[in-house]
Amino acid sequence: WSEIVGVVGNVHDDGVDQKATTVMFWPLSANDLWGDQLDFAQRNLAYVIRSPRVGDLSLLPEIRDAVMAVSPSAPVASVATVSELLEDSMSRTSFTLILLVIASAVALLIGAVGLYGVISYGVTQRTREIGVRMALGARSADVKGMFLRQAMVVSTAGVVVGVAAALLLTRLMSAILFNVSASDPLTYVVVSFSLMAVAVLAAYLPASRASGVDPTEALRSE
């Protein structure tokens, strides 16, 4: 039997991106610890030093000098800052997320360019229709408003379908995330409004140009 003298917080011994392992801390030195009449002694120690001088090149030599003054045979090895340990632990996850960010940015750019091109082309193809409406007395604001409403309907439908698909696919990212939700509402809102803004712009610019053309010239266009 062993007496429990205290309980500490979770220790992420396998990295901060993994769940905390089950850990028990034994005395540094004990007699008959395992019930076999043998002495137990821990021969290596790890110290954590908190100092505002972290990163100062003169700090490590001072630590080595202080340790040598007490125990000349004790080496000071595997020295690292907490930031370095954190970076090493998260290196694989960070690399994967950087690749995902680059791929997502490229996909967003391609999607925005494609959306702008399709809607702009569709509006341009309806130049004759715009001329007919203008000849029948439609105002320029009415024509532009009609195309903007249509663009909003199309883009809203696309955003709804895209967000629903993204929410389903982000479950695949849960394996590389720890204590972080794969669904970020701010990201969905920003991307959705960005694509809708592109759709509105793609409809407004050609509709504005076409509505400013003389109806006679617009009726002659093919």
Side-chain angles (χ1 to χ4, degrees), residues 1-36 38-109 112 163 166-167 169-195 197:
W1 291 91
S2 298
E3 180 183 359
I4 299 175
V5 297
V7 179
V8 299
N10 291 334
V11 177
H12 295 271
D13 193 52
D14 290 339
V16 294
D17 57 340
Q18 302 293 331
K19 292 183 178 180
T21 56
T22 303
V23 178
M24 297 180 66
F25 297 93
W26 301 100
L28 294 178
S29 178
N31 182 26
D32 191 21
L33 179 63
W34 308 108
D36 51 9
L38 296 178
D39 294 335
F40 172 82
Q42 180 70 25
R43 297 301 181 183
N44 62 314
L45 297 175
Y47 287 94
V48 178
I49 300 177
R50 180 178 180 179
S51 171
R53 295 175 54 196
V54 172
D56 189 349
L57 296 179
S58 63
L59 178 60
L60 183 57
E62 292 181 13
I63 295 174
R64 285 200 171 101
D65 293 339
V67 173
M68 186 174 295
V70 178
S71 179
S73 61
V76 179
S78 301
V79 180
T81 63
V82 175
S83 298
E84 293 172 348
L85 296 176
L86 179 62
E87 290 177 0
D88 291 341
S89 178
M90 297 295 296
S91 58
R92 178 180 297 180
T93 302
S94 299
F95 179 72
T96 304
L97 293 179
I98 289 174
L99 292 181
L100 287 176
V101 168
I102 295 175
S104 301
V106 172
L108 179 61
L109 179 61
V163 170
L167 288 174
L169 292 176
T170 47
R171 294 181 179 180
L172 301 177
M173 295 180 55
S174 301
I176 63 174
L177 300 176
F178 179 72
N179 282 348
V180 177
S181 175
S183 301
D184 183 14
L186 180 60
T187 301
Y188 286 110
V189 171
V190 171
V191 173
S192 299
F193 274 101
S194 298
L195 292 177

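For S73, the side chain to side chain contact (heavy atoms under 4.5 Å, CB included) partners at least two apart in sequence or on another chain are S71. Applying the side chain to side chain contact (heavy atoms under 4.5 Å, CB included) test to L99 and every residue at least two apart in sequence or in another chain returns F95. Annotation: side chain to side chain contact (heavy atoms under 4.5 Å, CB included) contacts of T21 (sequence neighbours excluded): D13, D14, V23. V189 is linked by a side chain to side chain contact (heavy atoms under 4.5 Å, CB included) to F193, counting only residues two or more places apart in sequence or in another chain.
Residues in residues 70-88 take part in no salt bridge (charged side-chain N to carboxylate O under 4.0 Å, His left out) pair, two or more places apart or across chains. Listed by first and then second residue, the salt bridge (charged side-chain N to carboxylate O under 4.0 Å, His left out) pairs involving residues 62-78 are R53-E62 (not counting sequence neighbours).
Closest non-hydrogen pair, V67 versus A74, comes out as CG1-O, 3.9 Å.
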